[in-house]
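Atoms within each ligand, like the ligands themselves, are counted from 1 in listed order.
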Amino acid sequence: MPTILIVEDESSILLGLEDALVYAGYEVLTARNGEQGLKFALQEKVDLIILDIMLPRLNGLEVLRQIRQKDKSLPIILLTAKGQEKDKVAGFNLGADDYVTKPFSIKELLARVKALFKRAQHSPLGLESYTINNISFDFKAMKASRHGKAVVFSVRELELLRFLIGYANEVVSRAQILEKIWCYDIESSPTTRTIDNYIVKLRHKIEANPEKPRHILTVHRKGYRFEP
Ligand code: CA
């Protein structure tokens with residue numbers, strides 16, 4: 001069964017959630033402050049996180065931001081306090097998948113958890129492995145190898161490739177790529193030109209003939225399309 005991490009400092013909510021999730025059959029990990037939550041999120045095998053925003057040590061939004069620097073696809077539900085609309089918007093901008101406003105019903109939260117797991121299975125960011133031209137990609141470990149020897153790709157290149165493969169045979173626009181692959185990194189202020197440069201790099205690494213790509217195709221005025 002999937003493991004769910006609950007990060008919440010209020011005991012009554014934490015224990016109530018833990019009980020309900022265990023009863024529903026999930027493995028559950030709990031943390032009572034942001035620091036511990038972040039540590040578990042990055043070091044333990046976690047499939048989904050329920051993350052409170054108001055937390056001691058490190059607040060939930062900061063925990064979310066730091067998780068998203070390392071992992072773009074881990075499903076995260078935020079717990080927000082009533083009337084904190086600001087937090088909700090900030091949370092979505094930082095890459096939260098869903099939010100639940102306190103006080104919430106356990107039933108509602110369970111439904112959100114289920115929906116998110118379902119969505120994650122079909123997400124282009126959820127693809128775990130793929131092989132092109134003898135290069136095996138392990139998107140969970142963010143590594144690539146050819147005949148057992150490591151091939152160097154940056155994490156961003158791998159994320160972009162995984163995204164394109166996830167939408168195989170469909171055109172993805174540069175705007176979509178910016179939103180999904182670069183949205184959590186405003187500091188590097190990416191432009192559509194940045195994407196084009198990454199595409200060129202990817203083609204050189206995976207295409208037999210990068211000048212005449214067979215997998216990563218440019219669709220004039222629209223974007224890119226991955227052909228398996
Ligand atoms: Ca709290």
Problem set entry | Cation-pi geometry met for Lys114 and Phe117 (6.0 Å, 45°) | no

Problem set entry | Remaining members of hydrophobic cluster (4.5 Å side-chain criterion), Tyr23 | none

Problem set entry | Any pair counted as salt bridge (Lys or Arg N to Asp or Glu O under 4.0 Å), so long as it reaches residues 35-47, sequence neighbours left out | Glu35-Arg57, Lys45-Asp47

Seminar exercise, completed: Protein-side N, O or S atoms sitting under 3.0 Å from the Ca ion (ligand 1) are Asp9 OD1, Asp52 OD2, Met54 O

Exercise. When the ring planes of Tyr167 and Phe163 are compared, do they come out parallel, tilted or perpendicular, using 30° and 60° as the limits?
Worked result: perpendicular

For this session: Please identify each residue that fulfils side chain to side chain donor-acceptor pair (under 3.5 Å) with Glu207, with sequence neighbours left out.
Result: none

Exercise. Using the ring of each side chain (for Trp, its six-membered ring), is His215 parallel, tilted or perpendicular to Phe226, with breaks at 30° and 60°?
Worked result: parallel

